[in-house]
Amino acid sequence: MKPPSPLLVVDGLRKRFGGLAATDGLSFEVAPGECLALIGPNGAGKTTAISQLFGEIRQDAGSIRFNGEIIDALPTPERVRRGIGRLYQIPQLLADDCVLDNVALAVQASQAHSFRFWRQARRDPRLVAPAMAVLDRVRLAGRAGARAADLSHGEQRTLELAIALARGSHLLLLDEPMAGLGPSETVEMTEVIEGLKRTHTILLVEHDMEAVFRLADRICVLVAGRVVASGTATQVRSDPQVLAAYLGTEAP
Ligand SMILES: Nc1ncnc2c1ncn2[C@@H]1O[C@H](COP(=O)(O)OP(=O)(O)OP(=O)(O)O)[C@@H](O)[C@H]1O
């Protein structure tokens, strides 16, 4: 059987900051429903790559094809409209609004029909029902009425994920979702992301190797802005270049 066309094709992406090449001929593909992890040492260009995919940093060269179309010229809101969602290292939320309102607003943004006044519309079942379904999926339904600002850091990151889902993102760019989380929150977040596999395509940038090895179908190792190795967790773990450049010789 013919393998499915990749959802995302990154081809020769470059970005220089002064004399420094943050991405330097970066190429990889992600299949629909796949979870691909980008790992690499600090400064390898992982966040720059995510920002380029999300349209926040324009590449100097190279191209990005998403869902069969070149999106190089598209601004971020148009990329969001086409189904790309990003999680930042620091959650971006409406801090004074409740969890449900944060997600319902994202549902509203994704729906064709518009509501004139958000304050009146936010209890509309056409927004609340899909918002609660998303919260249920990320295990945050029990916190629907809490102020976003009052959530734990882990819950805030999960809420940000819920917002991306509610907007209809099918490619999720997750930039260090485990950063700053304690051990139990890391397990919780790993399970939530695991629950999104296959229905969503995931590009995961993460330093927590346990989470990477559990979640990723494939791993690309970046060093100095380019892929030096890629493959399954088992292949990458035993790659001599990876051991030398990133995981250290004591890696399993
Ligand atoms: N806006 C910027 N201006 C100048 N240099 C930048 C800028 N953004 C990133 N860089 C540099 O580009 C290189 C790649 O940075 P990037 O944040 O993409 O790496 P990273 O792999 O995500 O690192 P980390 O794992 O520490 O988050 C680094 O040397 C960084 O200092």
Side-chain angles (χ1 to χ4, degrees), residues 8-30 35-64 66 71-72 74-76 79 84-92 153-154 156-157 160-161 164 169 171-183 185-186 189-190 193 201-216 218-231 233 236-237 239 241-251:
L8 178 71
V9 180
V10 174
D11 184 16
L13 226 49
R14 279 177 213 281
K15 176 68 194 175
R16 291 192 81 83
F17 292 112
L20 180 118
T23 49
D24 192 14
L26 178 63
S27 300
F28 60 86
E29 295 183 357
V30 192
C35 176
L36 177 77
L38 291 184
I39 66 168
N42 292 330
K46 305 178 295 294
T47 296
T48 303
I50 293 238
S51 300
Q52 286 177 302
L53 289 169
F54 205 48
E56 294 161 313
I57 293 178
R58 283 299 158 93
Q59 63 263 32
D60 301 330
S63 74
I64 301 164
F66 175 66
I71 59 166
D72 297 342
L74 300 182
T76 300
R79 295 184 198 208
I84 303 179
R86 173 176 186 173
L87 234 72
Y88 292 87
Q89 288 184 10
I90 296 167
Q92 307 203 332
H153 181 59
Q156 288 186 348
R157 307 222 74 185
E160 208 192 8
L161 186 56
S169 309
L171 172 64
L172 300 170
L173 309 174
L174 307 184
D175 195 359
E176 298 200 37
M178 316 300 169
L181 303 189
E185 285 190 321
T186 299
M189 178 61 93
T190 306
I193 296 172
T201 306
I202 299 171
L203 185 64
L204 174 69
V205 167
E206 186 50 61
H207 285 288
D208 183 320
M209 284 303 121
E210 211 174 301
V212 166
F213 288 140
R214 179 159 165 190
L215 290 170
R218 261 184 330 121
I219 299 171
C220 282
V221 184
L222 260 66
V223 175
R226 58 173 61 221
V227 176
V228 297
S230 66
V236 162
R237 272 171 157 168
D239 186 297
Q241 277 208 75
V242 177
L243 295 178
Y246 183 57
L247 294 174
T249 47
E250 286 175 21

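Order of appearance sets the numbers: ligands from 1, and atoms from 1 within every ligand.
The distance from ligand 1 to the heavy atoms of A44 drops below 4.0 Å at these ligand atoms: 19 (O), 20 (P), 21 (O). Atoms of ligand 1 found under 4.0 Å from any heavy atom of E176 (numbered from 1 in listed order, with element): 27 (O). Shown in contact with N42 at under 4.0 Å from a heavy atom are these atoms of ligand 1, numbered in order with element: 23 (O), 24 (P), 25 (O), 26 (O).
Each of K15, R14, R16 was scored for a salt bridge (charged side-chain N to carboxylate O under 4.0 Å, His left out) with D60, with one residue passing: K15. Of the candidates L36, D175, L172, L36 is the only one forming a side-chain contact (heavy atoms from CB on, under 4.5 Å) with L203. For the side-chain contact (heavy atoms from CB on, under 4.5 Å) test with Q52, the passing option among V10, I57, T47 is I57; the others fail.
The pair R157-E185 does not meet the salt-bridge criterion, since no charged nitrogen lies less than 4.0 angstrom from a carboxylate oxygen.
Under a 4.0 Å heavy-atom criterion, G45 is in contact with ligand 1. Between K15 and ligand 1 there is no heavy-atom distance shorter than 4.0 Å.
Contacts between L20 and ligand 1 below 4.0 angstrom, taking non-hydrogen atoms only, involve the side chain exclusively.
Looking at E206, H207, K46, it is K46 that brings a heavy atom closest to atom 20 (P) of ligand 1. Among S51, G43, G40, the residue whose heavy atom lies closest to atom 28 (C) of ligand 1 is G43.
Seen from the ring of F54, R79 does not count as a face-on cation partner, given the 6.0 Å and 45° thresholds.
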